[in-house]
Amino acid sequence: MTVASALEMALAAVVLGVATWTIAARETFAAVVGFVTYGLLLALIWVRLDAVDVALVEAAIGGGLGGVLLLGAAARLRVTETPTATERPSATVRVGAALLSAAVAAALATGVILLPDPAPTLAPAAAANATATGLGNPVTNVLMAFRAMDTMLEKVVLLLALVGVWSLAPDRLWGGHPGPRHRADPLGTLAFLARLLPPVGIVVGIYVFWTGKDHPGGAFQGGTILAAMWLLVMMAGIADAPQVSSRRLRIVLIAGPGIFLAVGLAGFAIGSAFLAYPVAYAKPLILGIEVAMTLTIAATLGLLLAGAPERSAGQ
Amino acid sequence: MPYPASVPGDVTTTGGFLLVLSVVIPVAGVLLAFVLGGRQAERVVLATMPLGLVIALAILVTLRQAGAPLIYLLGGWAPPLGVALRADGLSAVMMAITAVVIGAVGVFARVDFRTPRGSIEARAPFAFWILLLAIWGALNMVFLGGDLFTLYVALELLTFSAVPLVCLDGRAETLQAALRYLLFALLGAVLYLVGTALLYGSYGTLDIVLLSRRVHAEPATVVAAALMTAGLLAKTALFPLHLWLPPAHAGAPAAASAVLSGLVVKGSFFIVIRLWFDVFADLPSFVLAQLLAALGAAAILFGSVVALRQERLKLLVAYSTLAQIGYLFLMFPLAFDAGSTRLASGGALAGGLLQAISHAAAKAAMFMSAGLIYAALGHDRIVGLGGVGRALPVSVFAFALGGVALVGVPPSGAYLAKELLLQAASATEQWWWAVVIQAGGIFTSSYVLLVLAHALAPADASITLRAPVGRIQEASAAALALCSLLLGLAPWQAYLPAPDGIAPSTPALEALSASLWPLLGGAAVAILLGRKGDRLPRIPLGQVVAATVGPARRAALALSRPIERIDNMLRQWPAAGLSLLALAVLLGAALLAASR
Amino acid sequence: MIEFMTTVLGFILAMLALGLVRILRGPADADRMMAAQLIGTGGIAALLLLGTVTAVPATVDVALTLALLATFASIAFVKKGRANAPDSTGDA
Amino acid sequence: MSNPSDALGRLMAHALARAVALLILWLVLAGSDLADLPAGIVAVLAATVTSLRLLPVGPSRLSPVLLGPLALRFLYQSVAAGIDVAWRALDPRLPLRPGFVVYSVCFPLGSARNAFAALTSLLPGTVPAGDEGSRLVYHCLDVDQPVVSQLAAEEAALRHAIRHD
Amino acid sequence: MSVAVDIITIVAITAGAFFFLAGTVGLLRFPDTLTRLHALTKADNLGLGLVVLGLVPQAGSLRGGLKLLCVWALALLAGAMVSQLIAREASGQRGDPAMRHDGPPP
Amino acid sequence: MSAAIVFGLCGAAVAGLGLYGLIADPRPLRKIVAFNLLGSGVFMVFGVVARRGAASGFGGDPVPQALVITGVVVAFSATALAVALLLRLFQVTGSATLNTEAPAGTGTDPADA
């Protein structure tokens with residue numbers, strides 16, 4: 001056994017341990033903390049699997065925004081812990097669930113182990129067609145060119161999730177501000193951090209987006225960082241979440257899929273196909289779409305975490 | 001096989017652009033409606049509807065002229081690297097019925113989801129119109145997507161647009177129903193996703209046509225098939241994975257219920273068809289087909305009996321959906337071709353799909369009428385429906401028409417579907433499924449008749465309507481019901497595979513009289529099992545019948561009680577979760593055993 | 001050098017695993033948060049080492065993202081930790 | 001302060017200083033390839049504008065000349081702090097005398113004070129754990145250490161580096 | 001030259017690992033929340049700093065080295081802020097501090 | 001054992017844990033967390049598939065990697081929607097249960113709660 005494979009096993013063991021704790025912990029809050037650390041460690045696995053783009057996503061979502069979302073919910077729902085925990089299913093059910101889950105996991109593991117060797121891959125095809133876009137990052141090529149439809153629909157999924165979250169508002173507060181008004185000492189520590197960090201975060205976020213054309217990174221990763229910065233400013237009470245009725249906000253929220261769609265349709269009209277880019281303009285077009293998508297992702301993620309409208313204007 | 005074995009190269013065909021438009025136009029509408037908001041959102045959606053209908057029709061026409069599937073390569077990238085959209089006859093007819101139902105629901109919903117005067121924008125209309133359009137776009141993508149991962153994204157799009165519709169009125173029960181729906185649907189989606197991972201790892205593509213050529217029975221493929229199927233069944237709410245369906249479909253606003261029950265569950269059902277008639281066609285599917293149909297039969301039994309025992313009309317209609325979903329799965333064993341040991345596209349498939357289409361229109365009409373009755377009375381207790389027939393004749397008529405179409409009275413689509421399924425049953429010598437098919441018809445007529453008996457009975461006192469009923473709403477419900485009733489007359493041969501032709505074999509009059517038997521049987525079942533008010537509805541000879549059927553009814557009720565109890569148990573979360581996993585394991589074991 | 005770094009990486013991983021004990025034991029939520037913070041810092045170090053070992057320079061960007069965002073869970077913790085108090089808007 | 005053009009000049013100077021710092025950050029991250037520069041300029045502009053909105057130009061600023069020694073000083077302190085806590089943690093006797101110390105700061109509430117708190121959180125054995133009016137409450141690992149005089153020395157060093165215009 | 005650089009790397013990274021050890025041991029051994037906080041912030045940041053210091057010569061370019069230092073600086077800033085936030089949270093939960101030593105006014 | 005197998009087994013095990021939690025824990029928030037675990041286990045399997053497909057100078061097949069990124073975005077949206085639903089349910093009823101037998105809560109007028 002080499003040092004490297006020992007390391008992999010250790011990493012897998014630690015990750016599995018945290019995952020077990022996340023399921024087994026008695027208190028939800030403790031479980032969620034476990035999940036946050038799980039997200040941090042998962043980034044390591046993705047690097048080890050040579051998928052740095054995914055590692056960036058995992059670091060930004062699993063370790064960052066996902067933690068904020070779940071920790072916040074755990075804190076708010078703490079009073080429901082004891083009553084709901086009493087609905088724990090009987091031992092028979094739990095044993096049955098454990099056995100069946102184990103069976104499914106075992107089947108999955110068998111399937112993975114018995115995957116054919118050499119593995120089929122589209123890496124050569126992706127490499128051969130990379131010239132069509134002029135981008136050096138194969139993952140970006142897949143997301144923005146070869147499977148552009150998935151990426152566009154995924155942005156619509158984000159938008160619909162936001163519509164779903166907003167639709168949970170009470171009727172009379174429609175059009176108001178999402179989430180509670182955060183108040184914090186404007187001269188306190190959190191506010192200080194929220195004044196210092198965002199400029200740095202903006203540079204890093206734009207860098208992560210920009211470098212995604214040739215190196216690991218991209219619109220989603222960069223947008224998540226920007227969203228986190230916005231959220232920090234909101235949580236520190238320095239800026240309020242915008243009203244959901246704001247037209248400007250809504251334009252930002254659809255800019256990504258909108259421009260994607262427009263470019264796609266332009267390819268329809270003048271180019272060869274829907275979502276096809278003329279080779280000469282492929283790179284600037286893709287980057288243009290990604291700029292809009294970064295903004296849209298940042299705004300959407302920030303608002304998804306802020307929640308449903310809870311205050312009417314000015315409250 | 002719906003797709004021909006040899007795709008003429010991987011090239012965009014003439015008219016392929018229509019496929020893009022049918023997805024892009026609803027999506028663009030969603031974006032535009034989101035930005036404009038308020039009344040403009042409604043206008044955008046309503047303007048999109050005729051456009052979508054025209055495109056759906058254009059696809060039907062082009063497909064017929066071309067005589068081969070329409071293909072569009074997105075971005076010009078051919079699979080496996082790229083993603084293709086493909087429309088065969090199945091996709092085209094599903095898209096057409098979707099356009100029709102969405103259009104009718106849109107007209108219907110204008111009254112309920114109008115932005116109130118004096119406000120620029122209101123919550124429920126804003127969400128409803130956007131989500132309605134999103135459901136449409138997602139469904140079109142499901143019908144056209146040629147790539148399993150694109151289908152995953154489309155399915156999630158469908159779930160995300162359907163869930164908020166459930167709790168649009170914000171009541172606690174509907175919020176709970178929405179959360180249950182969302183979580184169970186997500187569980188199903190993840191199981192589907194893991195299957196795609198294994199398939200990609202095995203074959204290096206997720207394109208349906210390419211996979212259908214490459215797939216063979218290997219352990220990883222079997223695991224993938226079992227997990228994907230189980231996951232999709234959870235999203236389709238096939239018994240016993242139906243815990244989320246009754247509260248979600250009964251609790252949603254009428255217009256939303258119509259879409260959810262009529263269309264949304266068909267999305268995942270359609271992918272099950274794609275999987276087993278194309279992707280996994282080479283896997284040994286005999287046991288699987290029998291198992292799916294057995295679950296379908298159980299769904300018919302449970303759904304119908306529990307429907308009969310409901311106090312509220314919308315819940316009855318929701319449970320009827322459960323039974324009808326079961327009916328859809330009866331086609332699988334009938335499509336099994338013993339010679340090639342695979343599911344063959346033929347009369348059974350055509351029948352199953354036709355049933356899905358008829359149910360889409362009929363069930364949407366029934367939910368719309370139920371919603372109108374609820375709105376007018378302020379309640380929808382079945383025993384309190386007396387006099388509604390007089391007060392709301394068109395609504396009750398629409399309900400009756402939808403019900404009759406569902407039972408399978410000629411010339412309804414359901415009648416044709418039943419004919420095709422029965423033909424397939426006799427051709428494959430599986431008489432037991434013919435029995436189940438007939439029983440399904442009887443059960444369907446039982447709950448339809450139960451409702452009609454109550455609704456047509458005279459009122460105890462003169463009923464006062466809380467609100468006047470919109471003429472246009474009644475008209476759109478009736479139009480949909482009529483559409484379902486006349487579906488049997490449509491030229492299906494061009495789109496659905498049926499070796500012996502699709503026209504019914506028996507003369508019309510004979511068929512009509514034959515279809516009376518289920519109605520009579522249904523009446524008997526309804527009398528035996530239906531919920532009664534303080535007094536019996538005055539059916540002809542009421543007292544005499546009551547005296548004679550008393551003991552029989554007591555016996556039937558004694559039989560129905562365990563069914564209700566089991567249903568209640570299965571609708572608890574852990575039981576449903578266990579059923580899902582057990583089903584996955586069972587499917588996997590059956591496939592593995594057969595492929596040895 | 002690669003072996004050495006891999007060994008150190010394993011050692012840091014072991015430290016992180018030990019830190020998990022604090023998540024298990026608590027007792028206060030703050031203790032658990034701190035353990036998560038420890039795993040954040042240790043995870044950054046591990047990532048940097050891993051990036052050097054596997055010669056994937058872009059790993060530094062992952063570490064950068066973690067360093068920027070790993071604090072967010074703790075911020076959410078101090079923000080929402082008081083959400084149950086009558087003044088649910090909290091103050092930190 | 002009274003002269004508007006003076007104020008504008010100060011604003012510009014601050015903005016420029018911040019922009020330069022952020023540009024250096026960009027160059028470190030993305031490299032100096034000319035093709036990347038447009039994106040860098042956009043990033044730096046956006047970040048500078050945000051920075052000016054979040055942290056308006058105040059009456060004081062850090063002197064770049066004195067910042068170096070300050071940084072070195074705190075670097076040294078944080079190494080000392082790490083060694084201190086490592087020693088305590090690994091000593092079998094666990095030599096701790098934890099407790100709170102209240103320290104009166106002369107920095108007003110705001111950035112300077114926050115910077116002071118942040119820097120002192122890296123000192124050996126102290127973590128700011130609360131405010132009491134003009135005083136900071138520190139939690140200490142060992143209250144027998146000369147915590148207060150140490151804090152006073154740090155405060156003097158920081159005040160030296162912050163120049164009030 | 002390269003040997004000297006490698007020695008620097010080995011020494012610095014080993015020292016960094018040592019401080020991670022110390023931080024973890026402190027987190028486990030120290031008696032209460034606030035003392036554990038010290039172990040966490042001080043030892044870990046130093047550990048990370050030393051690991052970064054060890055990796056800088058291996059980075060291959062000035063920019064790579066500076067980028068590593070950026071990571072450390074960010075972690076340091078975040079650690080300093082978060083330790084204060086958690087300390088305030090923890091001491092707030094415990095009510096009045098039990099033991100106080102007032103310093104003289106400056 | 002290669003990295004692919006180690007992490008493949010790890011992913012399968014994590015998915016199993018997620019399945020168990022999703023079924024057996026009565027608390028909705030825990031179900032949401034378990035769903036996330038389940039999802040990340042599945043993504044890990046995707047990652048293994050990608051890693052096995054390393055070719056043409058790429059450390060992994062970029063197509064499954066891109067699919068994972070899309071999947072993570074979808075899973076995160078789902079989590080956000082589920083959490084929002086759950087919080088709203090709690091706001092309206094004062095409890096957070098999926099158990100239909102439980103009392104439906106205080107039942108304040110939801111549209112104005």
Side-chain angles (χ1 to χ4, degrees), chain A residues 5 8-9 12 15-16 19-20 22-23 28 31 35 42 45 48-51 53-54 57 61 69 73-74 76-77 80 84 87-89 94 97-98 101-102 104-105 108-109 112-113 119 121-124 126-127 138-139 142-143 150 154 157-158 161 164-165 168 170-172 220 304 307-308, chain F residues 1 3 5-10 12-17 19-21 23-24 26-27 29-30 33-34 36-37 40 45 47-48 50-53 55-56 58-63 65-66 68-70 72-74 76-77 79-81 83-88 90 95-97 99 111-113:
Chain A
S5 80
E8 276 150 12
M9 283 183 204
V15 165
L16 216 51
T20 312
T22 302
I23 294 299
T28 303
F35 182 70
L42 213 54
I45 291 194
R48 188 72 224 176
L49 286 171
D50 228 330
D53 298 83
V54 186
V57 173
I61 289 290
L69 185 65
R76 273 203 193 187
L77 294 172
T80 67
T84 325
E87 296 166 14
R88 195 158 176 239
R94 277 181 284 133
S101 309
V104 171
L108 189 54
V112 172
I113 289 173
T121 174
L122 288 176
V139 178
V142 175
L143 284 172
D150 292 355
E154 161 223 301
V157 167
L158 267 177
V165 169
L168 296 168
D171 272 328
R172 65 190 161 79
F220 185 72
L304 272 179
Chain F
M1 276 205 278
I5 289 188
V6 172
F7 293 130
L9 293 180
C10 182
V14 169
L17 283 167
L19 277 177
Y20 173 78
I23 291 172
R27 290 162 287 187
L29 189 58
R30 296 299 288 273
V33 173
N36 274 288
L37 271 187
S40 89
V45 172
V48 166
R51 179 74 183 129
R52 289 166 44 89
S56 299
F58 296 151
D61 186 347
V63 173
Q65 292 182 5
V68 171
I69 292 178
T70 306
V72 170
V73 180
V74 172
F76 183 76
S77 319
T79 309
L81 183 57
V83 164
L85 261 173
L86 178 57
L87 287 176
R88 182 69 182 145
F90 169 62
S95 73
T97 171
N99 187 354
D112 293 303

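In this text, all values refer to a predicted model and were calculated from it rather than measured experimentally. In what follows, chains carry the letters A, B, and so on, assigned in the order in which the sequence lines appear, proteins first and then strands, with residues in each chain numbered from 1.
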Chemist: What's the verdict on side-chain contact (heavy atoms from CB on, under 4.5 Å) for F/Thr70 and A/Leu143, showing C-alpha distance, side-chain angles and the deciding distance?
Modeler: CA-CA 8 Å; F/Thr70 306; A/Leu143 284 172; 3.6 Å; yes

Chemist: Does any backbone or side-chain atom of A/Ala308 lie under 4.5 Å from a heavy atom of chain F? Answer side chain, backbone, both or neither.
Modeler: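 Neither part.
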
Chemist: Is it the backbone or the side chain of A/Val57 that comes under 4.5 Å from a heavy atom of chain F, or both, or neither?
Modeler: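 Looking at A/Val57, just its side chain touches chain F.
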
Chemist: Are F/Cys10 and A/Met9 packed together at the side-chain level, in the sense that at least one heavy-atom pair is separated by less than 4.5 angstrom?
Modeler: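 SC-SC contact between F/Cys10 and A/Met9 ruled out.
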
Chemist: Looking only at heavy atoms and a cut-off of under 4.5 Å, which of A/Leu304, A/Leu122, A/Thr20, A/Leu16 has the most pairs with chain F?
Modeler: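 Winner by heavy-atom pair count: A/Leu122.
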
Chemist: Counting only non-hydrogen atoms closer than 4.5 Å, does A/Val15 touch chain F with its backbone (N, CA, C, O), its side chain (CB onward), both, or neither?
Modeler: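 Only the side chain of A/Val15 comes within 4.5 Å of chain F.
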
Chemist: Counting only heavy atoms closer than 4.5 Å, note whether A/Ile113 contacts chain F via side chain, backbone, both or neither.
Modeler: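 Contact with chain F is through the side chain of A/Ile113 alone.
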
Chemist: Quickly, which of F/Leu87, F/Leu86, F/Leu81, F/Leu85 forms a side-chain contact (heavy atoms from CB on, under 4.5 Å) with F/Val83? Name it, please.
Modeler: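 Among F/Leu87, F/Leu86, F/Leu81, F/Leu85, the one that satisfies the side-chain contact (heavy atoms from CB on, under 4.5 Å) with F/Val83 is F/Leu87.
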
Chemist: Among F/Gly21, F/Ala80, F/Ala34, which residue has the highest count of heavy-atom pairs closer than 4.5 Å to chain A?
Modeler: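 Most pairs with chain A among the choices: F/Ala80.
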
Chemist: Relative to chain A, which of F/Gly60, F/Ala13, F/Gly47 shows the most heavy atom pairs under 4.5 Å?
Modeler: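 Most pairs with chain A among the choices: F/Gly47.
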
Chemist: Which value, rounded to the nearest 0.5 Å, describes the distance between A/Arg48 atom CZ and F/Arg51 atom CZ?
Modeler: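 One finds 7.5 Å between CZ of A/Arg48 and CZ of F/Arg51.
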
Chemist: For each of A/Gly307, A/Ala105, A/Ala126, tally heavy-atom pairs with chain F at distances under 4.5 Å, and name the one with the top tally.
Modeler: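 Option with the greatest count: A/Ala105.
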
Chemist: At a 4.5 Å cut-off on heavy atoms, which part of F/Val45 comes close to chain A: side chain, backbone, both, or neither?
Modeler: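 Side chain only.
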
Chemist: Counting C-beta onward and ignoring hydrogens, is there a side-chain heavy-atom pair between F/Val73 and A/Leu158 closer than 4.5 Å?
Modeler: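 Yes; the side chains approach each other to less than 4.5 Å.
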
Chemist: Report which part of A/Ala127 has an atom under 4.5 Å of a heavy atom belonging to chain F: side chain, backbone, both, or neither.
Modeler: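 It is both, since atoms from each part get that close.
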
Chemist: Hey, does F/Ser40 have a side-chain heavy atom less than 4.5 Å from the side chain of F/Val14?
Modeler: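 In short, these two side chains touch, coming nearer than 4.5 Å.
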
Chemist: Below 4.5 Å, heavy atoms only, C-beta onward: do A/Leu77 and A/Thr28 meet side chain to side chain?
Modeler: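 The answer is no; the side chains never approach within 4.5 Å.
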
Chemist: Please check this pair: side chain of F/Arg30 against backbone of A/Thr22, looking for a donor-acceptor N/O pair closer than 3.5 Å.
Modeler: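 Yes, because the side chain of F/Arg30 sits within donor-acceptor range (under 3.5 Å) of the backbone of A/Thr22.
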
Chemist: So what's closer than 4.5 Å to chain A heavy atoms on F/Val48: side chain, backbone, both or neither?
Modeler: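 It is both, since atoms from each part get that close.
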
Chemist: Which atoms of F/Ala15 are under 4.5 Å from chain A, going by heavy atoms: the side chain, the backbone, both sets, or neither?
Modeler: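 Contact with chain A involves the side chain of F/Ala15 alone.
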
Chemist: With sequence neighbours left out, write down each residue that passes side chain to side chain donor-acceptor pair (under 3.5 Å) with A/Ser101, or none if nothing qualifies.
Modeler: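 With neighbours one apart ignored, the set is empty.
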
Chemist: Most heavy-atom pairs under 4.5 angstrom with chain F, which of A/Val104, A/Leu42, A/Asp150, A/Ile61?
Modeler: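 Most heavy-atom pairs within the cutoff with chain F belong to A/Ile61.
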
